[in-house]
Amino acid sequence: MSFAPRDSHEAQVQFALERGVPAVIGVMGTQRLPYPSRAFDMSHCSRCLIPWTANDGLYLIEVDRVLRPGGYWILSGPPINWKQHYEAWQRSKEELQKEQERIEEIAELLCWEKKYEKGDLAIWQKRINTHSCPSSRDTIDPPPACESVNPDDSWYKRMERCTTRMPKVNDASDVAGGILEKFPKRLNAVPPRVLSGSLSGVTAESYNADTQLWKKHVEAYKRINKYIGEIRYRNVMDMNAGLGGFAAALTSNKAWVMNVVPTIAKDNTLGVIYERGLIGIYHDWCEAFSTYPRTYDLIHANGVFNMYRDRCDIEDILLEMDRILRPEGAVILRDNVDVLNRVKKVLGGIRWDSKLVDHEDGPLVPEKILIAVKKYWVADGNRTADS
């Protein structure tokens with residue numbers, strides 16, 4: 001997952017998405033990144049211009065929150081290799097040396113181990129658990145541990161200068177939070193968060209049942225639209241990802257899925273999605289999504305309109321979908337038939353072709369599927385042309 005600020009001169013996120021690479025508009029400011037704790041295996045900064053030493057290392061503390069135990073942080077660019085580049089960077093040796101020393105100090109406070117530095121590259125590794133921190137660390141004063149804050153609760157939550165507690169382990173060699181399978185086996189294996197019971201109401205049995213259900217749903221989608229899973233739809237979004245079953249069932253190296261977990265969803269499942277080796281983000285669909293126009297080829301929405309029926313208008317959500325969907329892109333909506341009939345009435349007004357089809361289990365099931373395609377059209381004064 002890549003993120004970068006909105007920049008009118010170098011729209012890095014737009015370039016990435018047009019190349020078919022996952023990316024969102026975002027910054028490291030005062031609020032937490034919209035990801036759960038222990039989400040990423042690696043975090044990489046290449047000349048990203050983030051002031052890592054500012055605010056007592058607040059941004060490195062946030063990286064520590066989203067980094068899995070045993071994960072890596074890679075820094076390429078200032079101040080690494082300052083002896084070679086200080087003149088090109090137009091900064092003094094003393095300033096750059098002090099900055100790197102401060103980064104090293106913060107990394108030690110976070111119990112990260114420096115694994116490598118050569119040329120313009122430096123790599124640190126987060127310890128696998130709190131027991132693996134060296135005894136010499138007892139002489140320094142690390143940031144306090146977060147007590148009452150939910151480490152996965154990051155939507156409009158301010159960063160705090162406290163470290164996220166790792167899950168407890170029984171042995172110094174255990175990985176906090178559990179060991180993950182190698183990908184692609186990881187995709188369908190029961191995630192540690194489910195096995196540990198940390199996700200209320202989700203068991204190994206219900207997780208496996210959900211996986212099988214979405215395999216069935218995706219097979220039905222492919223019978224309706226033969227291009228699903230093919231190169232035509234590279235950038236895919238699931239607006240209500242649940243446990244990530246849709247993305248896991250897609251299993252195509254020709255496509256990637258942005259799994260969105262709505263902030264009003266009953267269960268916070270984004271951590272499970274990351275443990276499956278997938279990517280995703282928190283979002284409230286009453287707001288605009290952090291991306292440029294026309295950046296997704298296929299959008300899947302399971303129960304989204306029913307979920308938001310008392311929060312914002314159907315038209316507002318559809319207009320945001322229209323903004324981020326490429327011309328001739330497709331949409332798959334799965335919801336109650338009454339909701340989809342209301343949606344279908346709106347789609348003609350935004351120039352989408354749509355078709356309502358029965359549930360794969362037959363016409364008596366009240367849940368239906370609405371397939372829609374955004375038409376390519378241009379405006380020329382008072383005249384419009386469709387093609």
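In what follows, every heavy atom counts, from backbone to side chain, and hydrogens, waters and symmetry copies are set aside. Sequence positions, counted from 1, serve as the residue numbers for this chain.
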Is there a continuous path of hydrophobic side-chain contacts, each under 4.5 Å between heavy atoms, that joins [X] to [Y]?
X: Phe40; Y: Val13; value: yes
X: Trp112; Y: Ile74; value: no
X: Val218; Y: Tyr227; value: yes
X: Val236; Y: Ile324; value: no
X: Met307; Y: Met237; value: yes

Between [X] and [Y], is any pair of side-chain heavy atoms under 4.5 Å apart?
X: Tyr282; Y: Pro36; answer: yes
X: Tyr207; Y: Arg193; answer: no
X: Tyr233; Y: Leu250; answer: no
X: Pro262; Y: Val304; answer: no
X: Met321; Y: Ile350; answer: no
X: Ile128; Y: Val169; answer: no
X: Lys98; Y: Glu94; answer: no
X: Met1; Y: Met258; answer: yes

At what distance, to the nearest 0.5 angstrom, does [atom1] of [X] lie from [atom2] of [Y]?
X: Tyr221; Y: Ile228; atom1: OH; atom2: CD1; answer: 8.0 Å
X: Cys48; Y: Gln12; atom1: SG; atom2: CD; answer: 10.0 Å
X: Arg234; Y: Glu18; atom1: CZ; atom2: CD; answer: 14.0 Å
X: Lys375; Y: Asp353; atom1: NZ; atom2: CG; answer: 5.0 Å
X: Thr291; Y: Arg6; atom1: OG1; atom2: CZ; answer: 11.5 Å
X: Ile314; Y: Asn306; atom1: CD1; atom2: CG; answer: 9.5 Å

Q: Can you sort out the partners of Asp41 under side-chain hydrogen bond (donor to acceptor under 3.5 Å, both in side chains), two or more places apart, ordered by chain and number?
A: Arg186

Q: Check side-chain hydrogen bond (donor to acceptor under 3.5 Å, both in side chains) between Asp238 and all other residues, then give those that pass, not counting sequence neighbours.
A: His300

Heavy-atom pair with the smallest gap, counting every atom of [X] and [Y]:
X: Arg276; Y: Leu187; result: NE-O, 2.8 Å
X: Glu117; Y: Ile80; result: OE2-CG2, 4.0 Å
X: Gly119; Y: Asn81; result: O-CB, 3.1 Å
X: Lys114; Y: Ala122; result: CE-CB, 4.4 Å
X: Thr164; Y: Cys146; result: N-SG, 4.3 Å
X: Pro51; Y: Tyr59; result: O-CD1, 3.5 Å

Taking [X] for the side chain and [Y] for the main chain, is one N or O donor matched with an acceptor at less than 3.5 Å?
X: Lys368; Y: Val365; value: yes
X: Trp256; Y: Gly20; value: yes
X: Asn129; Y: Asp174; value: yes
X: Lys374; Y: Asp322; value: yes
X: Thr269; Y: Val272; value: no
X: Asp64; Y: Leu60; value: no
X: Arg323; Y: Phe289; value: yes
X: Arg65; Y: Tyr35; value: yes
X: Glu367; Y: His359; value: no
X: Ser43; Y: Trp73; value: no

Flag yes if more than 12 heavy atoms outside [X] fall under 6.0 Å of its [atom1] atom; otherwise flag no.
X: Arg102; atom1: CZ; value: yes
X: Ile231; atom1: CD1; value: no
X: Phe183; atom1: CZ; value: yes
X: Asp171; atom1: CG; value: yes
X: Arg161; atom1: CZ; value: yes

Considering residues at least two apart in sequence or located in another chain, which fulfil the salt bridge (charged side-chain N to carboxylate O under 4.0 Å, His left out) criterion with [X]?
X: Arg326; result: Asp297
X: Arg309; result: none
X: Lys222; result: none
X: Asp210; result: none

Q) Would you call the rings of His85 and Trp89 parallel, tilted or perpendicular, where under 30° means parallel and over 60° means perpendicular? A) tilted

Q. With a 4.0 Å cut-off, would you call Glu360 and Arg223 a salt bridge?
A. no

Q) Does a donor on one side chain sit under 3.5 Å from an acceptor on the other, for Trp285 and Asn240? A) no

Q. Do Tyr156 and Asp284 meet the criterion of a side-chain donor-acceptor pair at a distance under 3.5 Å?
A. no

Q | Option passing side-chain contact (heavy atoms from CB on, under 4.5 Å) with Trp352 (candidates Val346, Val373, Val343, Leu347) | A | Leu347

Q) After noting the C-alpha distance and the side-chain angles of Asn235 and Leu17, does the key distance pass the side-chain contact (heavy atoms from CB on, under 4.5 Å) rule? A) CA-CA 7 Å; Asn235 299 355; Leu17 287 163; 4.0 Å; yes

Q | Tyr308 vs Asp316, side-chain contact (heavy atoms from CB on, under 4.5 Å): CA-CA, chis, key distance, verdict | A | CA-CA 11 Å; Tyr308 280 91; Asp316 292 335; over 6 Å; no

Q.
Checking Gln125 against Tyr116 for the side-chain contact (heavy atoms from CB on, under 4.5 Å) test, could you report, in this order, the C-alpha distance in whole Å, the side-chain angles of both residues, the deciding distance, and whether it holds?
A. CA-CA 9 Å; Gln125 184 179 23; Tyr116 178 88; over 6 Å; no

Q: Would you sort out whether Glu113 and Arg127 count as a side-chain contact (heavy atoms from CB on, under 4.5 Å), showing the intermediate values?
A: CA-CA 7 Å; Glu113 180 185 4; Arg127 304 282 180 170; 3.5 Å; yes

